[in-house]
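Report on the following structure.
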Amino acid sequence: MTTHAEPTAVGDHDDHQVGHSEAGVDQAHLGEKAADWVDGRLGIYGLAKANLRKIFPDHWSFMLGEICLYSFIIIILTGVYLTLFFTPSMGEVVYHGSYTPLNGIRMSEAYKSTLDISFDVRGGLLIRQIHHWAAIVFVAAMLVHMMRVFFTGAFRKPREINWLFGFLLLFLGMFDGFMGYSLPDDLLSGTGIRFMEGAILSMPIVGTYIAMFLYGGQFPGNDIIPRFYTIHVLLIPGIMLGLLVAHLILVFYHKHTQFAGPGRTEKNVIGMPLMPVYMAKAGGFFFLVFGVIAMVSAIASVNPIWAYGPYRPDQVSTDAQPDWYMGFSEGLIRIMPGWEIRAFGHTLVLGVFIPLMIFGLVMIVIAAYPFLEGWITGDKREHHILDRPRNAPMRTAFGVAWIAEYGILLVAGGNDLFATHFNLSINTITWACRILFFVGPVIAFTITKRWCIGLQRRDRDKVLHGRETGTIKRLPHGEFIEVHEQLSPEALHTITAHEQFQPMELPAEVDENGVKRKVSLLTKTRARLSQSYFGEAAQIPKPTPEEHAEITSGHGHH
Amino acid sequence: MKKLSARRRHPLAALVVLLFALATTGGLYAAFAPAGNAQADSSQSLQIEQGKKLFAVGCSSCHALSGEGTKDGPTLVGVGSASVDFQVGTGRMPAQQPGAQIPAKKVIYTQDEINELAAYVASLGAGPSIPTSDQYAAGDVAKGGELFRTNCAQCHNFAGSGGALSEGKYAPSLDGVSAKHLYEAMLTGPQNMPSFPNSTLSTQNKQDIIAYVQHTTDPAKNPSFGGLTLGALGPVTEGLFGWIFALGALIGIAIWIAARTPKAKKS
């Protein structure tokens with residue numbers, strides 16, 4: 001940070017003079033002049049003044065979003081390199097290249113150019129693998145980042161829109177990934193595109209039309225790869241970049257959330273300034289992310305398209321799974337019985353259509369949750385202090401139930417590998433997943449909720465009775481007691497800072513005039529949900545200062 | 001003695017006697033059984049006779065004394081010598097226990113003994129015979145790859161890593177399977193595998209497939225160009241690896257970076 005940069009008004013400087021500074025001027029002077037020059041045109045001083053000292057709170061989980069951002073940048077950088085050599089065409093060629101096991105085999109130009117990238121372009125295979133591994137990390141990091149936001153309640157007002165932006169980024173990221181690994185036109189990717197065609201066709205009425213429009217005729221046709229290419233490198237990344245910028249602008253605008261702690265209020269942010277602390281940290285973290293992904297790409301193979309062979313509709317390999325972020329859709333298909341309804345000369349393929357609908361549901365639930373919770377609480381205030389997951393047991397339990405469902409579907413999607421590697425019957429796994437699909441989330445929900453309440457009880461205990469020190473004291477009359485130590489005021493504040501909602505009560509059945517009140521079903525539902533969220537079964541009342549004072553004044557006789 | 005007679009009506013007495021009898025006969029057999037060093041004899045009839053003896057000892061409990069089969073094992077009339085050479089030569093037979101599928105294990109017979117068994121089973125009824133080495137000579141890798149992806153990859157996976165079938169059955173990994181056994185497997189369709197007689201896959205086709213499998217599963221000829229293969233099992237293991245090692249490392253680094261800052265103090 002320069003200390004002697006004098007604020008200057010735009011237009012104060014003659015840019016001709018500044019642009020041609022004489023030799024012999026010292027560096028700082030030159031830098032200052034350059035900065036002035038830029039400020040004269042972009043007004044950077046104002047921006048810097050407003051933003052460089054912006055404070056960000058410190059917590060490792062606040063850096064998860066950064067992993068997403070950096071892996072996205074890595075994907076764009078490596079993707080640009082790959083476009084230089086990739087031919088998005090389904091024109092047929094006979095291969096005569098470096099990878100001899102495919103010599104003389106017919107394949108599309110897309111597949112051939114991917115082989116060339118892997119074997120002939122300098123650094124091509126490494127860049128391809130960085131691109132792919134970064135995509136795997138990108139979506140995984142987005143999911144973990146969203147979990148952090150979810151479980152700490154950071155999606156509450158005013159951040160609902162930003163949650164939606166994040167959700168869209170996840171959704172688009174998934175589909176851009178799908179299209180990306182579909183481009184090389186290898187046997188695996190072709191199988192995925194066929195899978196997608198089946199899913200589209202299962203939609204009643206519109207399915208056949210959408211499939212024909214998208215594929216430009218019958219599968220596979222000659223259009224799908226060039227079309228996916230445009231969508232993959234231009235359309236979706238463009239939208240994502242826009243959303244990303246909006247996402248970050250909103251983070252700046254709303255300011256970052258923080259965990260409760262001494263001195264932290266809904267009105268302030270306590271942490272470190274962007275410049276220099278977070279500039280250095282974030283910059284360094286970018287290189288660490290790049291380094292880790294590059295290292296993984298150098299160590300482990302990903303999508304070895306040469307081993308899959310070129311796509312031909314009459315061929316298929318086992319282990320035909322999508323990348324992990326589409327794995328839950330594979331799981332849905334694998335556990336769904338192959339139901340069909342044939343009527344009036346039409347076939348409704350429920351075995352595919354129902355999974356497709358649940359796929360949408362699994363995703364939509366993410367987008368909808370903040371609004372659902374906002375409706376239940378009826379809370380219109382802004383929240384900048386994060387919840388500890390235990391203090392919102394219903395939300396936490398709901399999130400864990402979602403993760404359990406997602407995990408079960410991932411297992412179902414890889415049921416064949418679980419069968420071969422754990423010596424199980426694939427049918428048993430499929431049936432277990434079918435049952436767990438319904439039961440698993442309920443179990444996860446119940447356990448998590450009780451766990452949260454247990455932790456709340458523990459917090460209450462700690463506040464009232466202090467921390468167990470592990471020191472055992474023997475009293476004169478022979479009794480052994482463990483010495484408890486009162487928490488520090490800071491710790492007391494931190495674990496009691498959360499507020500506890502009162503559950504919504506239904507209005508009395510009759511009003512003051514004795515007339516029966518009409519209560520809509522929606523209101524009743526809301527009241528019931530509110531009871532389950534904030535009723536006696538969902539929160540342990542946190543100790544009041546009076547309780548604390550009373551019990552601590554008792555000199556340990558409790 | 002009194003103790004023994006007092007317990008002779010114990011519910012477990014029969015079991016004890018049975019175990020004792022089994023242990024005794026087994027032990028006696030192990031002590032007196034002829035060592036398995038039967039001399040190879042070029043004479044066909046002698047080979048069959050030797051094979052019959054081996055069959056009676058090692059195979060007849062399931063396949064019956066003259067190979068007509070029991071409820072525990074199918075008939076071997078007409079399976080041919082190629083089948084015997086594959087099943088016994090890969091250690092699948094004699095089976096240790098019934099199950100969804102009999103796994104390959106340590107081979108307990110010498111090749112001479114296997115030939116004798118094969119000759120005996122072949123004498124029960126005509127079937128595909130053990131191929132000669134020129135039959136399973138390696139063919140064209142690229143052509144074989146195409147044939148493999150059309151006929152084999154849906155169970156054995158693109159790289160021959162194997163895959164799951166229904167009810168605990170599976171297509172085994174093709175890593176390290178000899179050319180002769182690959183040929184015999186295609187010819188006879190052992191266990192849950194369909195057979196690919198010469199009318200379906202010509203000898204030339206089989207040779208191409210053998211060339212492809214041997215090329216693909218040999219790290220010397222087909223190194224993993226991209227690094228660790230992660231089992232050559234497709235995106236599932238890749239996803240798992242990415243979550244654990246890539247994202248895991250990054251979260252570890254995030255925690256480390258966050259820990260390097262002095263905690264913010266209210267000023």
Side-chain angles (χ1 to χ4, degrees), chain A residues 57-60 63-64 67 100-105 118 125 129 133 136-137 140-141 144 187-188 262-263 270-272 277 281 284-285 288-289 292-293 296 298-304 306-309 314-324 327 414 416-417 419-420 424-427, chain B residues 100 140-143 145-146 148-150 153-159 161-171 212 215-216 222 224-243 245-247 249-251 253-261 263-264 266:
Chain A
D58 207 25
H59 193 267
W60 68 266
M63 298 168 79
L64 293 168
I67 301 179
T100 49
L102 286 173
N103 250 343
I105 299 290
S118 305
L125 181 57
Q129 298 205 143
W133 278 121
I136 287 173
V137 168
V144 177
L187 189 52
L188 182 65
I270 294 191
M272 299 285 182
V277 176
K281 277 191 165 201
F285 194 34
L288 284 165
V289 172
V292 165
I293 290 176
V296 167
I299 290 173
S301 177
V302 67
N303 199 21
W306 57 90
Y308 295 138
D314 62 337
Q315 295 178 343
V316 72
S317 165
T318 186
D319 301 322
Q321 270 104 349
D323 269 24
W324 78 265
D416 52 341
L417 289 170
T420 50
L424 295 166
S425 157
I426 195 169
N427 307 56
Chain B
D140 178 42
V141 174
K143 192 84 189 58
E146 207 166 22
F148 187 87
R149 288 188 288 275
T150 311
Q154 53 269 64
C155 300
H156 287 286
N157 144 312
F158 57 90
S161 312
L165 303 175
S166 60
E167 307 285 2
K169 292 173 244 170
Y170 59 92
Y212 175 76
H215 179 276
T216 303
N222 182 35
S224 175
F225 298 100
L228 302 172
T229 60
L230 310 178
L233 294 166
V236 173
T237 48
E238 291 166 3
L240 202 60
F241 189 87
W243 265 92
F245 292 102
L247 192 65
L250 290 173
I251 290 176
I253 288 172
I255 294 172
W256 175 75
I257 291 179
R260 294 299 104 182
T261 317
K263 286 275 168 284
K266 197 190 170 194

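Chain A is the first sequence line, chain B the second, and so forth, proteins listed ahead of strands; every chain is numbered from 1.
- Ranked by heavy-atom pairs shorter than 4.5 Å toward chain A, the options Gly145(B), Cys155(B), Ala232(B), Ser224(B) are led by Cys155(B).
- From His156(B), atom NE2 reaches atom OG of Ser317(A) across 11.0 Å, with rounding to the nearest 0.5 Å.
- Residue Leu165(B) touches chain A through its backbone alone, counting heavy-atom pairs closer than 4.5 Å.
- For Pro57(A), no part lies near chain B; criterion is any non-hydrogen pair under 4.5 Å.
- A distance of 6.0 Å separates CZ of Phe285(A) from CG of Leu250(B), quoted to the nearest 0.5 Å.
- Your options are Ile136(A), Leu125(A), Val302(A), and the one with the most heavy-atom pairs under 4.5 Å with chain B is Val302(A).
- Between Thr100(A) and Val141(B), the closest side-chain pair of non-hydrogen atoms is not below 4.5 Å.
- Distance alone, capped at 3.5 Å, places no donor-acceptor pair between the Glu238(B) side chain and the Asp323(A) backbone.
- Counting heavy atoms from C-beta outward, Pro235(B) and Leu188(A) have side chains that approach closer than 4.5 Å.
- Using cut-offs of 30° and 60° on the angle between ring planes, the pair Tyr308(A) and Phe158(B) is perpendicular.
- Leu64(A) has its side chain within reach of Ile251(B): a pair of non-hydrogen atoms, C-beta onward, lies under 4.5 Å apart.
- Among all heavy-atom pairs drawn from Thr318(A) and Gln154(B), the shortest one is CB-O, 3.2 Å.
- Counting heavy-atom pairs closer than 4.5 Å to chain A, the top residue among Tyr170(B), Trp243(B), Phe148(B) is Trp243(B).
- Neither the backbone nor the side chain of Asp140(B) comes within less than 4.5 Å of any heavy atom in chain A.
- Highest contact tally toward chain B, considering only Asp314(A), Val289(A), Ile293(A), is held by Val289(A) [criterion: heavy-atom pairs under 4.5 Å].
- Here the closest non-hydrogen pair linking Val292(A) and Ala249(B) is CG1-CB, 4.0 Å.
- Using a 4.5 Å heavy-atom cutoff, the side chains of Val296(A) and Phe241(B) are in contact.
- At a threshold of 4.5 Å between non-hydrogen side-chain atoms, the residues Asn427(A) and Ser166(B) count as touching.
- When all heavy atoms of Gln315(A) and Glu146(B) are compared, the closest pair comes out as NE2-O, 3.2 Å.
- Ranked by heavy-atom pairs shorter than 4.5 Å toward chain A, the options Trp256(B), Phe245(B), Phe225(B) are led by Phe225(B).
- Highest contact tally toward chain B, considering only Val144(A), Leu424(A), Leu417(A), Val277(A), is held by Leu417(A) [criterion: heavy-atom pairs under 4.5 Å].
- Within the 4.5 angstrom heavy-atom criterion, atoms from both the backbone and the side chain of Ala140(A) approach chain B.
- In this structure, chain A has heavy atoms under 4.5 Å from both the backbone and the side chain of Leu233(B).
- Most heavy-atom pairs under 4.5 Å with chain B, from the set Ala419(A), Ala307(A), Gly414(A): that is Ala307(A).
- What you find for Glu167(B) and Ile426(A) is that their closest heavy atoms are N-CG2, 4.2 Å.
- The contact between Leu102(A) and chain B is made by backbone and side chain atoms together, counting heavy-atom distances below 4.5 Å.
- For Gln129(A), the part lying under 4.5 angstrom from a heavy atom of chain B is the side chain only.
- Each of Ile67(A), Asp416(A), Asn103(A) has some count of heavy-atom pairs under 4.5 Å with chain B, and the biggest count is that of Ile67(A).
- The contact between Leu288(A) and chain B is made by backbone and side chain atoms together, counting heavy-atom distances below 4.5 Å.
- With chain A as the partner, the residue from Gly226(B), Gly234(B), Gly227(B), Ala164(B) showing the most heavy-atom pairs under 4.5 Å is Gly226(B).
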Exercise. Determine, stepwise, if the pair Asp319(A) / Val236(B) fulfils side chain to side chain contact (heavy atoms under 4.5 Å, CB included).
Key: CA-CA 8 Å; Asp319(A) 301 322; Val236(B) 173; over 6 Å; no
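- In this structure, His215(B) and Pro101(A) approach most closely via the heavy-atom pair CE1-CG, 3.3 Å.
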